[in-house]
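Just the heavy atoms: all of them, side chains too, but no hydrogens, waters or symmetry mates, feed the values below.
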Amino acid sequence: CNLQPKDAAKMPESAWKLLFYTLSWSYGIYLLFFTDYPFFYDPPSVFYDWKKGMDVPTDIAIAYLLQCSFYGHSIYATAYMDTWRKDSVVMLLHHVVTLTLITFSYAFRCRERGLQGEVAGATGGQELVLGEAALGLASPLGPPWAIKPPRSLCPGRFWFRLYWFPLKVLYATCHSSLQLVPNIPFYFFFNALLLILTLMNIYWFLYIVLFVAKVLMGQMQEVNDVREYDVEDSKKT
């Protein structure tokens with residue numbers, strides 16, 4: 001694609017994440033909308049007849065295995081393989097929190113929360129990776145279509161991470177869980193981690209808003225990822 005060396009070095013990371021998020025998001029969509037699970041349209045149904053040690057359906061267990069493997073790998077990849085960015089420390093924390101939620105939600109049979117969170121998170125991640133890929137392909141004289149994916153980050157990431165995630169996931173875990181299962185175990189533990197993820201989603205959304213604002217105000221001579229260090233900062237890092 002005639003990429004600059006800097007962009008070519010980042011392409012494997014973006015391509016890998018785009019591939020995984022596309023597959024995991026598609027599988028999550030299948031589970032939520034093309035099966036008999038009512039979790040998306042009726043979030044409180046997560047806790048109907050909930051009890052310790054209940055069976056986990058095989059198709060949901062597969063989703064958990066894939067996500068657990070991915071985020072376990074991502075902790076290593078963020079620290080040692082991927083480009084180090086201004087948000088890399090937050091990204092590491094995100095992976096640790098997510099992996100903890102996946103593991104404990106499976107262990108305590110709160111698996112539907114993980115399933116909806118996976119779709120919301122994977123979609124937001126897919127938007128971000130599409131933007132990164134476009135950043136790599138875009139240049140000051142590049143084609144206009146190369147600029148469109150980053151602009152779609154704002155509505156896409158807001159809709160999935162800052163609207164559906166609180167509306168579907170946080171509503172069920174913070175409110176419905178206590179109504180349907182009084183004294184549900186680890187209530188504060190799970191919700192504290194989910195709220196931490198929400199704060200991270202706001203943090204990354206502000207990066208996207210900053211990027212779009214700079215592009216619209218003409219403060220960017222070329223399309224760059226605002227999370228990346230400048231050349232001088234990179235040398236210090």
Side-chain angles (χ1 to χ4, degrees), residues 13-48 50 54-75 77-78 91 94-133 149 152-153 155-174 176-177 190-191 193-198 200-201 204-205 208:
E13 174 190 347
S14 296
W16 154 243
K17 289 180 179 178
L18 178 61
L19 173 63
F20 176 82
Y21 282 132
T22 299
L23 295 177
S24 65
W25 179 81
S26 299
Y27 187 55
I29 288 296
Y30 161 74
L31 292 177
L32 285 179
F33 298 105
F34 296 95
T35 63
D36 295 330
Y37 299 126
F39 311 138
F40 184 83
Y41 297 106
D42 185 18
S45 65
V46 171
F47 298 100
Y48 295 167
W50 181 90
M54 59 193 303
D55 294 334
V56 178
T58 301
D59 49 5
I60 292 181
I62 291 174
Y64 264 78
L65 177 62
L66 293 174
Q67 291 293 324
C68 190
S69 301
F70 173 76
Y71 283 105
H73 158 75
S74 294
I75 293 175
T78 301
M91 187 70 73
H94 170 273
H95 296 338
V96 171
V97 170
T98 302
L99 188 60
T100 302
L101 276 169
I102 291 173
T103 304
F104 280 88
S105 65
Y106 183 87
F108 294 103
R109 302 304 190 255
C110 295
R111 74 250 182 208
E112 292 84 358
R113 290 303 90 210
L115 180 59
Q116 287 194 7
E118 170 193 333
V119 173
T123 304
Q126 191 177 35
E127 289 278 351
L128 186 59
V129 171
L130 282 170
E132 289 179 349
S152 71
L153 290 178
R157 200 167 178 85
F158 176 85
W159 183 259
F160 287 102
R161 297 244 177 159
L162 299 181
Y163 177 72
W164 267 0
F165 185 76
L167 181 67
K168 302 292 184 178
V169 180
L170 294 183
Y171 171 77
T173 58
C174 293
S176 302
S177 60
F190 281 115
N191 284 293
L193 294 180
L194 288 171
L195 290 173
I196 290 174
L197 288 183
T198 303
M200 292 181 186
N201 290 337
W204 277 307
F205 182 73
I208 297 173

Considering only heavy atoms from C-beta outward, does the side chain of [X] approach that of [Y] to under 4.5 Å?
X      : Y      : value
Phe104 : Leu193 : no
Thr35  : Tyr30  : yes
Tyr171 : Pro44  : yes

Any idea which heavy atoms bring [X] and [Y] closest together, and the distance?
X      : Y      : result
Ala172 : Phe47  : O-CE1, 3.2 Å
Ser105 : Phe190 : N-CE2, 3.6 Å
Asp59  : Tyr27  : O-OH, 2.8 Å

| Going through the distances and angles, do Leu197 and Met200 end up as a side chain to side chain contact (heavy atoms under 4.5 Å, CB included)? | CA-CA 5 Å; Leu197 288 183; Met200 292 181 186; 4.3 Å; yes

So, taking the atom named [atom1] in [X] and the one named [atom2] in [Y], what distance separates them when rounded to the nearest 0.5 Å?
X      : Y      : atom1 : atom2 : answer
Thr58  : Leu65  : OG1   : CG    : 12.0 Å
Gln67  : Ile62  : CD    : CD1   : 13.0 Å
Asn191 : Thr198 : CG    : OG1   : 9.5 Å
Leu167 : Trp159 : CG    : CH2   : 9.0 Å
Thr98  : Met91  : OG1   : CE    : 10.0 Å
Leu194 : Cys174 : CG    : SG    : 7.0 Å

Whether [X] and [Y] hold their rings parallel, tilted or perpendicular, with breakpoints at 30° and 60°:
X      : Y      : result
Trp16  : Phe20  : tilted
Tyr106 : Tyr64  : tilted
Trp164 : Phe160 : perpendicular

| task | Apply side chain to side chain contact (heavy atoms under 4.5 Å, CB included) to the pair His95 and Phe70, showing each step before the final yes or no. | result | CA-CA 9 Å; His95 296 338; Phe70 173 76; 5.7 Å; no

| Is there a donor-acceptor contact under 3.5 Å from the side chain of Lys168 to the main chain of Phe40? |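 Present.
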
| Quick check: does any side chain N or O of Tyr71 sit under 3.5 Å from a backbone N or O of Thr100, one acting as donor and the other as acceptor? | no

| task | Go through the side-chain N and O atoms of Asp42 and Tyr48 and say whether any donor and acceptor fall under 3.5 Å apart. | result | yes

| task | Any chance you could lay out the side chain to side chain contact (heavy atoms under 4.5 Å, CB included) test for Leu170 and Phe165, step after step, and finish with the verdict? | result | CA-CA 7 Å; Leu170 294 183; Phe165 185 76; 4.3 Å; yes

